[in-house]
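By convention in this document, chain letters (A, B, ...) are assigned in the order of the sequence lines, proteins followed by strands, and residues within each chain are numbered from 1.
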Amino acid sequence: MSAVKTNGNGGAPPALTKADFQSDQETRWCPGCGDYAVLSAVQQFMPELDIPPERIVFITGIGCAGRFAYYMNTYGLHGIHGRAPALATGLASTRPDLSIWVVSGDGDALSIGGNHLIHALRRNVPLKILLFNNQVYGLTKGQASPTSGIGMVTKSTPFGVSDHPFNPVALALGAEATFVARTIDRDRRHVTEVLRRAARHDGAALVEIYQNCPVFNDGAFSALTEKDVKDQNQIRLEHGKPIRFGAEDERGVARAPDGHLAIVDVADVGEDALIVHDSHRMDPGLAFSLARLADDPTEPTPIGIFREVQRPVFGRTGPARTQTASDEQLEELLLSGDTWTVT
Amino acid sequence: MSAVKTNGNGGAPPALTKADFQSDQETRWCPGCGDYAVLSAVQQFMPELDIPPERIVFITGIGCAGRFAYYMNTYGLHGIHGRAPALATGLASTRPDLSIWVVSGDGDALSIGGNHLIHALRRNVPLKILLFNNQVYGLTKGQASPTSGIGMVTKSTPFGVSDHPFNPVALALGAEATFVARTIDRDRRHVTEVLRRAARHDGAALVEIYQNCPVFNDGAFSALTEKDVKDQNQIRLEHGKPIRFGAEDERGVARAPDGHLAIVDVADVGEDALIVHDSHRMDPGLAFSLARLADDPTEPTPIGIFREVQRPVFGRTGPARTQTASDEQLEELLLSGDTWTVT
Amino acid sequence: MSKTIEERERVIVRFAGDSGDGMQLAGSRFTDATAALGNDLATLPNFPAEIRAPAGTLAGVSAFQIHFASRDILTPGDAPNVLVAMNPAALKSNLAELDRGATIIVNEDAFSKRNLEKADYDANPLEDGSLSGYRVHRIPMTTLTARAVEGIEEASSRDAGRAKNLFALGVLSWLYGRPTEVTQHWIEQKFGRNPAVAEANLAAFNAGWSFGETTELLDVQYRVNPATDVAAGTYRTVNGTTALALGLIAASVRSGLPLLLASYPITPASELLHELSRHAGFGVRTIQAEDEIAAAGMALGAAFGGRLGVTATSGPGMDLKEETIGLAVALELPMVVIDVQRAGPSTGMPTKTEQSDLLMALHGRHGESPLPVIAPSTSGGCFAAAFEAVQLAIRYRTPVILLSDTFLASSSEPWRVPVVSDLPAIDPAFARAGGNGEPFQPYSRDDHLARPWAIPGTPGLQHRIGGLEKTDGSGNISYEPANHERMTELRAAKVAGIEVPPLEVEADAGAELLVLGWGSSEGAVRAGARRARLNGHAVACAHIRHLNPLPPNTGEVLRSFDRVLVPEMNSGQLAQILRAKYLVDVESFCKVQGRPLFAAEIEREIEARA
Amino acid sequence: MSKTIEERERVIVRFAGDSGDGMQLAGSRFTDATAALGNDLATLPNFPAEIRAPAGTLAGVSAFQIHFASRDILTPGDAPNVLVAMNPAALKSNLAELDRGATIIVNEDAFSKRNLEKADYDANPLEDGSLSGYRVHRIPMTTLTARAVEGIEEASSRDAGRAKNLFALGVLSWLYGRPTEVTQHWIEQKFGRNPAVAEANLAAFNAGWSFGETTELLDVQYRVNPATDVAAGTYRTVNGTTALALGLIAASVRSGLPLLLASYPITPASELLHELSRHAGFGVRTIQAEDEIAAAGMALGAAFGGRLGVTATSGPGMDLKEETIGLAVALELPMVVIDVQRAGPSTGMPTKTEQSDLLMALHGRHGESPLPVIAPSTSGGCFAAAFEAVQLAIRYRTPVILLSDTFLASSSEPWRVPVVSDLPAIDPAFARAGGNGEPFQPYSRDDHLARPWAIPGTPGLQHRIGGLEKTDGSGNISYEPANHERMTELRAAKVAGIEVPPLEVEADAGAELLVLGWGSSEGAVRAGARRARLNGHAVACAHIRHLNPLPPNTGEVLRSFDRVLVPEMNSGQLAQILRAKYLVDVESFCKVQGRPLFAAEIEREIEARA
Ligand SMILES: Cc1ncc(C[n+]2csc(CCOP(=O)(O)OP(=O)(O)O)c2C)c(N)n1
Ligand SMILES: Cc1ncc(C[n+]2csc(CCOP(=O)(O)OP(=O)(O)O)c2C)c(N)n1
Ligand code: SF4
Ligand code: SF4
Ligand SMILES: [Mg+2]
Ligand SMILES: [Mg+2]
């Protein structure tokens with residue numbers, strides 16, 4: 001455990017650094033795992049929050065991603081498989097003073113934990129949920145996950161996956177999420193930008209992170225990460241800007257006559273025809289259509305913030321309830337209703 | 001139990017009637033419950049399927065709606081709370097010869113059973129799922145459900161519901177459902193029409209049925225059922241037709257300049273500006289936007305079929321596996337790998 | 001007409017009618033008047049399983065039983081002395097529980113052909129002689145109520161129809177000399193805003209009373225004198241649900257920890273959720289979770305944050321919580337899990353009572369995951385049990401399972417309200433920010449083998465815990481064989497070392513038989529033993545409220561009697577534990593009928609062994 | 001150089017190295033050669049908990065142990081006689097399990113400064129005298145392999161680096177005179193498509209063999225003769241996972257019921273999912289469900305449809321399945337639930353073994369929900385146990401829990417392949433469409449108290465079942481008290497009445513101590529008893545494979561010995577059951593270390609009681 005900076009001797013505590021968020025535990029992911037990059041980006045980003053480490057909590061599920069909690073020098077709760085959002089909801093609703101982060105995998109969040117995830121989103125629990133999507137079960141050594149692509153051969157699907165995968169962004173939007181974003185392990189700047197906005201969001205923020213698992217599903221996102229192709233496949237969403245992409249911004253997203261979104265050559269349709277991204281819209285229709293633009297991250301795929309809107313936050317309605325009643329109030333309660341006295 | 005018609009003596013079995021689908025069990029819903037109307041509609045509709053009762057199975061969860069199974073003279077499995085889709089998936093994947101119907105409530109399907117529902121939809125399990133949405137917990141005597149509106153006072157929310165509700169159609173679309181529809185208990189013709197299409201759909205069909213609970217949530221859907229107002233609030237979706245509604249079809253749905261869907265006066269925009277409903281589109285963007293048109297069934301609300309598309313059906317890939325191997329094949333399997341013989 | 005007055009030591013009255021007949025209300029009002037009079041009492045409602053069964057059918061019968069006496073009362077009673085039956089269905093479904101000679105008061109008007117059919121009667125039981133073994137009073141209550149209400153302006157005939165429960169209440173109030181003011185006052189309060197209805201109800205009540213006083217049908221009035229063996233103090237009636245809620249709130253106040261109850265509705269545990277939801281002003285937060293797994297997770301998450309995390313459910317919900325409870329065992333965090341047992345297996349009979357989750361509470365999780373289990377034995381005792389569950393959870397940093405049941409949850413009795421300052425303060429003893437530079441050891445232990453509760457927000461104590469096996473002391477993940485064995489032993493020793501009070505035995509001189517119960521059967525056991533004693537048998541009783549660990553003297557007590565009878569509403573679960581632990585050949589009396597144990601059954605079992 | 005040849009009755013060899021060193025492969029090849037030679041054998045792999053721990057670290061050590069002998073072998077052995085350590089981490093993490101005097105063969109080349117540091121060694125153990133109690137052979141395996149491979153065209157230095165496991169295998173093959181053709185043949189088959197690699201591996205293997213033959217370092221060659229006490233038949237090696245899979249498929253074929261395995265991945269049970277997923281050609285369908293609850297539901301749904309519904313999991317997953325298992329108890333439908341136990345509580349130590357889910361299997365559900373529980377005792381025995389689980393499930397229309405564990409699942413041994421025609425046919429005895437006009441009674445019962453299995457598609461038998469209590473016979477919903485008690489008793493009686501074979505006791509004349517195990521400890525118990533016997537102690541052993549109901553003579557057997565020792569990998573769970581049921585003061589030997597019981601421990605415990 002690193003030294004306690006906030007426990008100083010009077011003066012303003014020195015600014016926090018990445019090192020303040022690194023725990024003393026040895027990281028135990030496979031060499032080359034995308035989890036390292038995300039961990040490093042998160043640790044690097046944390047000081048920006050300007051919240052002392054003791055007021056930050058990481059709650060994780062089970063899976064490779066679930067180990068995340070051990071590496072952060074914050075409070076950490078490594079829960080059981082799929083239940084991190086439930087644990088976090090209990091904490092968030094009773095400790096509004098904390099900054100609570102959930103880290104989960106595609107199996108943890110979308111298979112066994114699917115129900116808790118959609119309910120945390122609909123309730124708008126103030127949690128930052130990082131969903132490490134490697135499209136496979138890492139920790140249990142390589143089974144299919146709900147995001148594995150059709151045909152993928154895994155230990156549990158020797159003849160190839162036949163179930164249609166979830167699109168986590170679309171699912172979250174269907175579940176009433178107020179903040180939904182997607183980013184990529186390898187792009188630290190983008191990860192950091194998305195984290196920054198998620199942290200600032202007052203409510204539940206779901207961040208899908210495409211994460212490479214070199215052992216069981218290497219290269220699943222190479223279309224978006226490899227130098228030679230990434231420009232032509234990353235559609236970066238920026239609020240208020242027309243949606244353009246390609247090495248020379250030569251392509252874009254426009255609405256076809258039938259109402260569909262379609263990928264177009266800007267030269268063909270003209271810049272004005274492009275959709276201007278609007279993540280602040282209450283109506284999630286556009287965000288949903290953008291999410292469905294790519295079935296699979298092997299083609300042009302939007303990344304960035306799909307939706308970012310305000311809605312009442314879970315746990316903030318009614319009295320604050322961070323304090324218990326007094327003995328007097330208790331006495332009054334105990335004696336409420338019809339009473340009689342025997343002497 | 002009514003007489004067995006398919007067990008006749010040679011000639012073609014007489015056509016089935018509603019009575020063939022009525023079990024001998026006394027119905028035990030409250031007087032005036034919307035469940036009666038749906039039961040009657042389903043029993044009436046069943047003969048159309050031209051499937052003998054013994055090849056039809058109703059699998060239900062726990063809740064008032066869950067009692068449905070007892071009243072159908074088919075095979076019936078009254079499962080445990082929230083798990084009907086899982087039970088049904090096991091049956092559907094091993095008995096492709098059966099017609100399998102799931103009946104569930106808004107709590108059963110969307111609260112405790114949310115995960116099974118979204119996975120059954122994404123997998124496209126060949127099930128007809130009837131979701132009786134009364135926006136309340138009936139059987140447990142009146143708590144809030146995930147579809148209860150903000151502010152609703154219930155036994156578990158004496159200060160009013162504060163959680164944002166699910167929109168079941170939107171959630172299903174986010175979960176990759178291939179068939180999603182909505183109908184209303186009181187409108188038998190519409191219910192029947194939707195059931196007919198659901199039955200015909202090859203894959204998972206989710207039918208949300210607005211169902212009145214006169215005891216705990218009376219009139220939740222009156223905007224869509226009461227004579228004087230229903231015409232101005234029911235937006236009936238019909239594939240291939242412009243979306244119009246109102247007593248004189250004077251209103252419609254069109255796309256606003258910013259891409260949103262909006263309710264318009266046909267007189268203002270002209271008929272050509274109206275959206276033509278297309279439930280067969282692979283892209284669920286339009287269906288999703290339609291689902292989000294109304295936050296609450298107290299305003300103009302689309303009913304009908306939102307989406308109806310084809311995708312590979314769960315359990316149909318790979319060998320049929322309705323037969324076991326032979327003894328010879330078993331012997332071969334047992335003796336596979338390196339063997340040696342001791343004499 | 002002058003009537004005879006007879007004294008009774010104790011009486012059991014059951015009000016039964018259609019769900020729409022207001023029997024719960026009549027029963028509750030009778031109860032309040034009885035409490036005001038100073039009788040000891042116990043009550044038990046019995047609701048239909050259906051939400052709204054068709055009126056007049058057997059499925060729609062709702063009943064309320066009250067047992068009151070001039071001495072201490074232990075149960076709501078077995079067989080009623082008086083049955084009030086507002087319709088044929090109520091008569092039919094309750095008759096089997098009456099002893100011959102009991103009194104039956106029927107609303108004669110309701111015995112129409114249609115109603116008889118609905119109740120599956122072929123002939124009218126009032127006329128076919130089938131009730132000849134009982135003292136039957138036929139009162140045309142509908143007619144008499146209508147007549148009483150007739151004159152009241154603005155009272156509709158619907159109001160009159162609805163007021164017949166108050167007529168019945170009036171009759172019974174006269175019959176047992178209950179004070180009328182209590183009820184009259186209540187009517188005024190309740191219907192104050194609707195004077196016509198208030199007046200109608202008052203008229204019906206008074207008419208019932210006058211009917212009793214004047215009719216020749218009823219020639220004896222009974223007197224049940226105030227109980228005198230009652231400890232001084234302020235009393236109120238509570239059922240087990242209310243008592244649990246109050247106990248949790250009291251523990252929250254006395255520990256200074258805001259309470260989170262996360263729960264998923266399920267009969268009968270939902271009532272606790274409803275009850276606590278009303279108390280937001282007391283630092284109480286309730287969450288209706290998406291399912292029982294989430295509910296347990298939320299309670300545990302709150303506990304991690306230094307709050308009082310509680311989750312409540314019934315049988316099927318317990319199955320679902322076990323994995324999370326196991327996590328709490330590994331995390332060694334305080335958490336209270338309440339199981340209001342109902343009749344199983346599976347969905348079973350959701351509205352009926354049973355004690356069949358004991359072995360699950362002890363062993364329902366994979367791996368070695370010991371935890372304390374306690375069970376209140378009376379409705380009022382639920383307060384103390386809830387309070388103690390919190391104390392144990394906090395002191396030992398452990399999940400605690402509290403086993404209540406449907407019977408306790410719904411049965412009411414007078415409860416002496418504790419004085420707040422008598423309730424011990426509960427010290428959460430959070431770990432303090434350490435300044436000595438030593439790394440924080442989240443799995444170090446105190447004298448109770450409890451580990452530090454270091455909550456987020458405490459500078460310098462950041463640490464990470466989870467369900468993987470942890471190194472003794474540091475809490476770091478460990479797969480080391482000897483460490484796992486040590487941790488397994490430590491977790492077991494911590495629970496085994498919890499201090500619980502010794503069993504108290506109430507033994508007659510020379511008693512050879514010990515009757516040993518647990519949970520909600522205490523009243524029945526003690527009442528049964530009392531009756532056996534009155535019949536001249538020597539017997540001993542004791543009652544277990546701590547199921548894990550067991551009271552320290554349990555073995556000794558068991559071995560000091562020739563025979564030990566363990567009555568349970570299951571197939572012998574406590575018996576199995578006692579046999580395994582103490583190798584004593586205890587005998588089981590098992591009742592698995594969805595109904596509480598009856599004193600008469602205990603009496604019979606004792607006498608069979610005498 | 002001529003070498004001495006010594007005979008050994010049994011030898012335990014452990015290959016240990018980094019995960020990347022190919023130790024599992026070396027071990028498996030050694031096993032095949034050993035099987036071919038005709039020794040009896042048992043093996044146990046030990047994988048690191050991490051997916052890919054950093055190379056050279058303690059966390060990354062992977063090991064494979066084989067025990068082989070000229071007589072029947074009961075366990076994979078306790079302490080290895082020979083440890084092959086391919087790097088310092090492998091030496092360090094395995095040394096503690098070696099007895100003094102054991103042989104250690106190290107890859108000397110791997111003891112670099114860097115590697116020593118990674119293994120947390122301050123000094124080189126090969127040089128600091130810390131190994132003086134062992135017979136250490138330092139072989140520069142990396143160098144020698146590189147030299148052997150040098151000449152091969154197209155073989156890269158990477159291929160050479162990777163082939164050192166075959167060098168080690170060559171050395172060990174020489175040391176114990178294993179036939180070389182088996183391995184050589186395998187290399188050709190395996191790498192046939194890549195001749196350079198095949199050649200490199202072959203060269204490394206041969207070099208290892210020649211090194212053994214020529215070096216002065218190794219002066220004794222050992223001979224372990226073929227086992228002679230082996231029953232005639234065709235054999236193969238299987239681990240418990242494979243045997244379970246084959247048993248389920250065999251039961252599916254012999255019952256004519258297509259198999260559905262619905263499962264959610266979890267270590268170690270996932271292997272069964274993987275194994276069965278490969279057998280789609282055999283009427284087998286597997287579904288990777290969204291969670292364990294769904295998996296259990298799917299298996300039960302398939303059972304409702306007349307299929308063989310199976311679900312498999314490990315500890316935490318069992319918690320989640322309990323509610324559905326309870327439904328299966330109420331529905332009285334056949335279903336097989338496999339729990340491959342691992343070390344708990346909570347997430348615990350997922351890759352380690354334990355037997356601590358027994359009480360949960362029996363009591364893990366709310367309400368009274370009895371079901372049969374069986375536990376295989378050897379890897380090969382998993383076949384018969386799976387087959388029997390299906391037989392019981394079908395005959396008695398009940399869910400059956402089969403308790404395996406990590407040890408059984410991964411340990412291999414020779415298994416006599418059964419002749420298919422010797423396997424009994426299993427009659428699903430579906431209810432037939434009734435023509436007599438009587439209403440179908442889904443809860444009528446046969447001689448076994450089993451109810452009809454009437455599957456959808458059968459005309460005239462439409463019926464509806466669920467988790468609510470059912471009327472005896474008709475199956476209609478019932479809240480009737482006496483009916484609930486009767487149904488509770490019927491469900492219990494059905495399970496209690498299952499016919500299981502009596503305990504077989506292997507007792508020495510005059511034995512006063514009985515050692516009674518269950519599940520995977522059979523080998524250790526019998527081997528420990530054998531050793532105690534060799535030391536002149538009289539002892540008896542018996543092994544329980546049916547945990548519910550217990551063998552009919554269990555009480556009698558227990559009472560016929562002065563002392564009964566029950567060794568378990570838990571805190572005494574079987575002991576608790578036996579004590580409760582038979583009131584016999586059995587003694588527990590508990591080991592909760594995530595490791596299997598060892599014969600030496602049993603021997604020690606026996607002798608401590610002699
Ligand atoms: C109740 C339960 N079921 C199953 C498991 C086994 N398990 C651990 S992690 C995991 C899935 C991991 O996949 P994912 O969530 O995608 O995380 P990743 O390892 O890929 O980061 C599973 C099935 C468990 N620990 N608990
Ligand atoms: C595991 C479990 N948890 C809770 C319950 C209690 N329960 C029964 S039905 C129900 C909800 C009913 O609501 P809904 O699904 O909307 O159906 P409705 O009664 O409104 O038709 C609940 C919470 C249960 N039976 N099992
Ligand atoms: S298995 Fe995959 S996801 Fe897990 S640590 Fe290794 S590389 Fe990363
Ligand atoms: S409670 Fe509501 S939903 Fe349930 S039966 Fe009654 S009216 Fe219908
Ligand atoms: Mg993953
Ligand atoms: Mg509902």
Region of [X] that comes under 4.5 Å of a non-hydrogen atom in chain B:
X       : answer
L293(A) : neither
F159(A) : neither
L286(A) : neither
P165(A) : backbone

Chain A contact via I150(B) - side chain, backbone, both or neither, heavy atoms under 4.5 Å: neither
Selection from P284(B), A291(B), G114(B) maximising heavy-atom pairs under 4.5 Å formed with chain A: P284(B)
Option in I118(B), L290(B), L110(B) with maximal non-hydrogen atom pairs under 4.5 Å from chain A: I118(B)
Is there any N or O donor on one of chain B and chain A with an acceptor on the other under 3.5 Å, and could you list each such pair with its distance?
{"residue": "L110(B)", "atom": "O", "partner": "H119(A)", "partner atom": "NE2", "Å": "2.7"}
{"residue": "S111(B)", "atom": "O", "partner": "N115(A)", "partner atom": "ND2", "Å": "2.6"}
{"residue": "N115(B)", "atom": "ND2", "partner": "S111(A)", "partner atom": "O", "Å": "2.6"}
{"residue": "H119(B)", "atom": "NE2", "partner": "L110(A)", "partner atom": "O", "Å": "2.7"}
{"residue": "R122(B)", "atom": "NH1", "partner": "H164(A)", "partner atom": "O", "Å": "2.9"}
{"residue": "R123(B)", "atom": "NE", "partner": "D163(A)", "partner atom": "OD2", "Å": "3.2"}
{"residue": "D163(B)", "atom": "OD2", "partner": "R123(A)", "partner atom": "NE", "Å": "3.2"}
{"residue": "H164(B)", "atom": "O", "partner": "R122(A)", "partner atom": "NH1", "Å": "2.9"}
{"residue": "H164(B)", "atom": "NE2", "partner": "E176(A)", "partner atom": "OE1", "Å": "3.0"}
{"residue": "E176(B)", "atom": "OE1", "partner": "H164(A)", "partner atom": "NE2", "Å": "3.0"}
{"residue": "E176(B)", "atom": "OE1", "partner": "R292(A)", "partner atom": "NH1", "Å": "3.2"}
{"residue": "E176(B)", "atom": "OE1", "partner": "R292(A)", "partner atom": "NH2", "Å": "3.0"}
{"residue": "E176(B)", "atom": "OE2", "partner": "R292(A)", "partner atom": "NH1", "Å": "3.2"}
{"residue": "D258(B)", "atom": "O", "partner": "R281(A)", "partner atom": "NH2", "Å": "2.2"}
{"residue": "R281(B)", "atom": "NH2", "partner": "D258(A)", "partner atom": "O", "Å": "2.2"}
{"residue": "R292(B)", "atom": "NH1", "partner": "E176(A)", "partner atom": "OE1", "Å": "3.3"}
{"residue": "R292(B)", "atom": "NH1", "partner": "E176(A)", "partner atom": "OE2", "Å": "3.2"}
{"residue": "R292(B)", "atom": "NH2", "partner": "E176(A)", "partner atom": "OE1", "Å": "3.0"}

All side chain to side chain contact (heavy atoms under 4.5 Å, CB included) counterparts of A177(B), not counting sequence neighbours: L121(B), A172(B), V180(B)
For V269(A), side chain to side chain contact (heavy atoms under 4.5 Å, CB included) partners two or more places apart: V264(A), A273(A), L274(A)
Non-neighbouring partners of F132(B) that pass ring-ring contact (aromatic ring centres under 6.0 Å, His included), sequence neighbours left out: F68(B)
Approximate separation, where rounding is to 0.5 Å, of L173(A) CG and F288(B) CZ: 5.5 Å
